[in-house]
Amino acid sequence: MMRVTTTSQYKTQVDLFSRQYEEAWRLQASISSGKKLQNDSDAPEIASNIHPLKAMISQLATYHTNITYALNRTSMSDALMGSAVDLIKEAQGLIERGQTDTLNDYDRASIANSLSFINSSLLNIANSQDENQEYYFSGDFVNSPPFIEDSGSYLYNGSYIPTAISLADNYAVLYSDVGESVFGNIATANGSITVFDVINNAVAALNTPASDNTGRAALHSSLETSIGQMNTSLTNITNYWSEIGSRADIIQRQQDLNENMDLNDKMRLGSFQDTDLAKAIAELNQKNTILELTLGSYNKIQDALSRLLR
Amino acid sequence: MSILGIAQSSIAASEAAMDITASNIANADTPYYVRKSAVLVATQSGTQGSYGVNAKDIARIYSQTNMHNLNVANSNLANSTTRLEKSRYLETLTVNDDTGIGRSFNKLFASINAVNVRPSSSGSRQNCLSDMNFIVNRFNNVAKELDAEQNNLNQEIKDEISLINQAVSTLAQLNKNINTNDNYLLGPMLDQQDELIDKLSKYLGPLTIFHNSNNSVNIQLSNGTSLLDKDNAFTLQTIPSVSMANQLDVTIDIGGYSTIVTNIISTGELQGLLDYQNDILMPAQNGLNRLALAFMQSINNQNVLGIDANAAPGVNIFVDLNSATQGFGGRAFNYTSNSSNTDASVTILDATALTLDNYTLTYTAVAGNQASYSITSDLDGSELTAGTIDTTSTSTINTTAFKIDISSFAGTVTVGDAIKIIPAFSAAKSMSINITDANKLAVAQPISLSEAQTNTGAGLMSLTAITNNNSFASGALSPPYKLVFVSSSSFQLLNLNDNSVIATGAYNANGTDIFASTGVSTGYSVELSGAVNAGDAFDITYNSQGVGGDNRNGLSIANLLQTNLLDNGTNTFSAAYDAMAFTVALDVHSAKVSFETNTVLQNQAMLIQDQTSGVSLPEETVKLTKYQQSYEASAKLLEVSQRIFDVLMHILR
């Protein structure tokens, strides 16, 4: 027969009780904190999943901010290009009208006046600034206006280096573009000129009196060149406009992708770290019952012993 | 007339037995109390065939094997209890919560990105700089707490040693007194001996115990080193570790000679403390220090390749990680047991290549001026590198992650002399920020490229790499360049300042590295591609105008936080911290598992020991009743004997 000694009997009871109590306490802590694990060491295999997910979610939040900036920027550029195209087309119409032989010098001067007005509107668009007074089309020279007038011609004053922002790991989109390729890049025999020069040249041609045939021939030839150059400019601007469109589309898709990942990561994080309250409360109730029973049986044994000694 | 004698002996025996039972009951809860039992022997009492009883002896119900097993179980339990308690505390220090170091790298990534969105925003810059400061603070604080933990640990080891010495000297005293045959005196002394031996086992692990015939004990450590020999107690002491001044070694003093016994102890509480120090605390410190170095190095090196908001060349954001005056030194420690001292300093070459290891440089052979050395890993003993150095001159030992510069020697280099190399020593504590002005975040690149408006070709330039800041460290590009094409396939490289021709180069429209083509060394690379015409020109200038918007270097800095730079390209900074904290969590977990296992084993050993030697109150109660009845019956016998005597006296009268 096994001798059950008083000390070990007592110790067994106490151990049992404190074990049950600790488990109940753990459940209680996880219910009140809402977290399954109070320390990583409670379940390292779960903890090892939690931290990378938290890092990912934090990263995605950063990219989310960048995506918002990038989308704002593209929708702003999109609106600017819409206006720019309208202005170019209007200018083209005016230049074509300037070729009409029935016009007199005054009529042409009036067209030239309208063109000048269009040119300054277009220049305003090219030199647009964001809410921080930084230029959209100067590349990384965000504090320098991209186009400036220098003794009658317009020069690209910005940088040839566009800026970019990250939307995902190793994936960035352009942010501040190089204005030269949007409003400039119109090839001539003497290098490239800007659309402002083109319009300016047309204005100069229209303002030149053309009363005789020679004059008219010179005007025609000059405006013909302007029309060709305006077409090039329109192509440049519409190309850029459609680039902005596809850029916005890519950003949008990246946003959808990031949001899906974010949702997914958050769900996974929740499943790893959050307490299943219903389950935990049920377990705690059960644990309480067991605790009471353990304590009850301990009291009974003590009772029996003291009756024996009486 | 034996009935009187029988009654007397029976009363005395019952009384003695009741005494023993009473002490058993009284000591039911006394630790290390071994239950006693009366040994009753029948004694011839006068006439043939009549026997009295004698409480001849007190039996101590005891099993040496059971007690030894309990000693072993207790020492294992003490070992895992210590490891669990200590590592649990470490887990609170390295806690990986939302404000921990791991997540603060993620936060920095967000704030660098904000700077990149708008490099000229001083608010974003300020925010980014405070995130950098926050990281520095976290590293400093955790490192200080870990240092304090080492100090606590040393104190605990010292306390433990004095408890051990106390127990051994009490046992020595006991050895003197225990030489007695009086069982009434012997019992408590044996109980005390059990208790002290069990305590020693808890501290030092199971010991070799020799039980002498006079009940005294001799005690030896597992290698035969004597701890107690008759009444000679040998004292344990602590000395600063031979290899690490901030750690302790345990020595034993025998006949005036002090021997290091740190490695002889195999389990128990003391070993639990040492295991914790070597297997958990030190790797955590190394992990933290290495991460600090790799982070500082990467961010510094990238910032230096950029230019700041004022167009000045980037500087170190954190203090130079090899600057001895800034606290980044003391990475090499001569063993105190050496016959020579080597003046060695360790310089980090590539902190991202550092492992969690420490190293030991040992001199393996000396011939004249030539000393051969071997540098081995402390984790697995594998050799990192080996070679021979001249002890009369300076030398440098190179490894991928660090180099060791040896400048001089004191004393005679002797085989066996050693130097502990801890490359990342104290880095997290010494880490500090080097800039206070957020404008010094160098998110712009130093080079601006532009093309002449008169170009008729379609040539496009791009900056492909910046490898050092040699060409712009002065705060301007020296020199700025102009490329002028003399034909579609050849160009001149001019100094833009004075238009002097520096070199000529051949051009291939599929892509030409300008400086490689001209043989000019600049510290950066520019590639040109696309068809060009004679007369086309390109400028390479200092990007002072671009600092408002250029974020190219900032993107590279942000990228550092997303790149797996550590652990052979498997971990980012934040993942490396997570991994370190996870290792601690795993240590806690495994300590918990072994604690639980050892608790079960200890319970079993205790139960077995208790089943033999422990007191059962119901059992003693029954015995008490039995002896009481026997006493009463004996008293009756005495009464009967009295009556018989009275009758006899009456007859005789």
Side-chain angles (χ1 to χ4, degrees), chain A residues 2-12 15 39-44 47-48 51-52 54-55 57-59 61-63 65-66 69 132 134-135 138-144 155-156 159-161 163-166 169-170 172 175-176 180 184 187-193 304-305 308-309, chain B residues 28-29 87-88 91 96 98 102-103 106-107 109-110 113-114 116-118 120-121 444-445 448-456 461 463 543 545-546 548-552 555 558-559 562 572 574-575 578 581-582 584-589 592 603 606-607 610-611 614-619 621:
Chain A
M2 197 181 81
R3 291 180 70 247
V4 179
T5 64
T6 305
T7 328
S8 40
Q9 183 196 41
Y10 178 72
K11 192 176 177 311
T12 311
D15 283 354
N39 294 300
D40 284 2
S41 56
D42 293 345
S48 71
H51 299 297
K54 281 188 172 172
I57 290 167
S58 148
Q59 243 180 62
T62 300
Y63 290 136
T65 315
N66 284 6
Y69 278 114
N132 298 311
E134 293 180 352
Y135 292 95
S138 279
D140 65 12
F141 294 1
V142 293
N143 301 314
S144 316
L155 297 178
Y156 179 60
S159 162
Y160 288 85
I161 295 157
T163 70
I165 55 177
S166 308
D169 286 358
N170 301 314
Y175 192 61
S176 285
E180 157 88 339
T188 71
N190 305 316
S192 82
I193 60 171
L305 183 61
L308 187 65
L309 283 170
Chain B
D29 248 358
S87 58
R88 226 178 213 159
E91 192 183 20
N96 201 5
D98 291 345
R103 300 290 72 74
N106 301 136
K107 200 162 160 269
F109 176 68
N113 259 285
N116 287 339
V117 170
R118 201 179 151 229
S120 57
S121 157
Q445 278 189 342
S448 185
L449 307 170
S450 58
E451 54 200 67
Q453 301 231 320
T454 50
N455 285 0
T456 53
M461 258 197 313
L463 183 68
N543 192 23
Q545 227 188 323
D550 184 6
N551 62 11
R552 289 173 294 169
L555 292 176
N559 199 35
Q562 303 298 93
T572 60
S574 81
D578 290 349
F582 179 67
V584 174
L586 264 189
D587 287 334
V588 176
H589 189 72
K592 210 187 295 177
N603 276 345
M606 189 129 113
L607 205 66
D610 225 31
Q611 271 173 27
V615 176
S616 158
L617 281 182
E619 186 185 77
T621 313

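Convention: sequence-line order gives letters A, B, ...; per-chain numbering from 1.
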In terms of heavy-atom pairs under 4.5 Å, which option from M606(B), R552(B), M461(B) contacts chain A the most? R552(B)
Can you name the closest pair of heavy atoms from V142(A) and S176(A) and give their distance? CG1-OG, 3.9 Å
At a 4.5 Å cut-off on heavy atoms, which part of F109(B) comes close to chain A: side chain, backbone, both, or neither? both
Go through S120(B), A110(B), G546(B) and name the one with the most non-hydrogen pairs under 4.5 angstrom from chain A. G546(B)
Looking at P618(B), G102(B), A114(B), which makes the most heavy-atom pairs under 4.5 Å with chain A? P618(B)
Note: vs chain B, highest number of non-hydrogen pairs under 4.5 angstrom among S58(A), S138(A), A189(A) is S58(A)
Minimum heavy-atom distance D40(A)-A585(B), with the two atoms named: CB-CB, 3.5 Å
Close side-chain approach of N603(B) and D15(A), heavy atoms under 4.5 Å: yes
Residue part contacting chain A, namely of V615(B), when any heavy atom lies under 4.5 Å: backbone
Listed partners of S41(A) passing side-chain hydrogen bond (donor to acceptor under 3.5 Å, both in side chains), at least two apart: E91(B)
Looking at L617(B) and A28(B), what are the two nearest heavy atoms and their distance? CD2-CB, 3.9 Å
Is it the side chain or the backbone of A55(A) that comes within 4.5 Å of chain B heavy atoms, both, or neither? both
Contacts of Y156(A) that satisfy ring-ring contact (aromatic ring centres under 6.0 Å, His included) - sequence neighbours left out: F147(A), Y160(A)
What is the distance from atom CD of E134(A) to atom OG of S121(B), rounded to the nearest 0.5 Å? 8.5 Å
Check each atom of Y69(A) against the heavy atoms of chain B and say whether the ones under 4.5 Å are side chain, backbone, both or neither. side chain
Against chain B, work out which of S48(A), S144(A), A61(A) has the most heavy-atom pairs shorter than 4.5 Å and name it. S48(A)
Looking at chain A, which one of R88(B), E451(B), K592(B) has the largest number of heavy-atom pairs inside 4.5 Å, strictly under? E451(B)
From CA spacing to verdict: side chain to side chain contact (heavy atoms under 4.5 Å, CB included), S192(A), E180(A): CA-CA 10 Å; S192(A) 82; E180(A) 157 88 339; 3.6 Å; yes
Most heavy-atom pairs under 4.5 Å with chain B, out of I193(A), T65(A), D169(A), T188(A), belong to D169(A)
Contacting region of Q562(B) [heavy-atom separation from chain A under 4.5 Å]: side chain
Can you say whether S448(B) sits under 4.5 Å from chain A via the side chain, the backbone, both, or neither, judging by heavy atoms? both
Who wins among G139(A), A172(A), A164(A) for the most heavy-atom pairs under 4.5 Å with chain B? A164(A)
Checking D140(A) against S159(A): is there a side-chain donor and acceptor pair closer than 3.5 Å? yes
Measuring heavy-atom distances to chain A, does D587(B) have an atom under 4.5 Å in its side chain, in its backbone, in both, or in neither? neither
Just so I understand: if I count every heavy-atom pair under 4.5 Å between each of V584(B), V588(B), D550(B) and chain A, which residue has the most? D550(B)
Residue pair T62(A) / N113(B), side-chain donor-acceptor N/O under 3.5 Å: no
For the student: nearest non-hydrogen atoms of N116(B) and N551(B), plus distance: O-ND2, 2.8 Å
Quick one: what part of Q445(B) sits under 4.5 Å from any heavy atom of chain A, side chain, backbone, both or neither? neither
If you count heavy-atom pairs under 4.5 Å between each of N66(A), N39(A), N132(A) and chain B, which one has the most? N132(A)
For a quick test of reading the model, state the closest non-hydrogen atom pair linking G548(B) to N143(A) and the distance between them. CA-ND2, 3.4 Å
Chain A contacts, top residue of N543(B), D29(B), L586(B) (heavy-atom pairs, under 4.5 Å): N543(B)
What part of N559(B) is in contact with chain A, defined as an atom under 4.5 angstrom from a non-hydrogen atom: side chain, backbone, both or neither? side chain
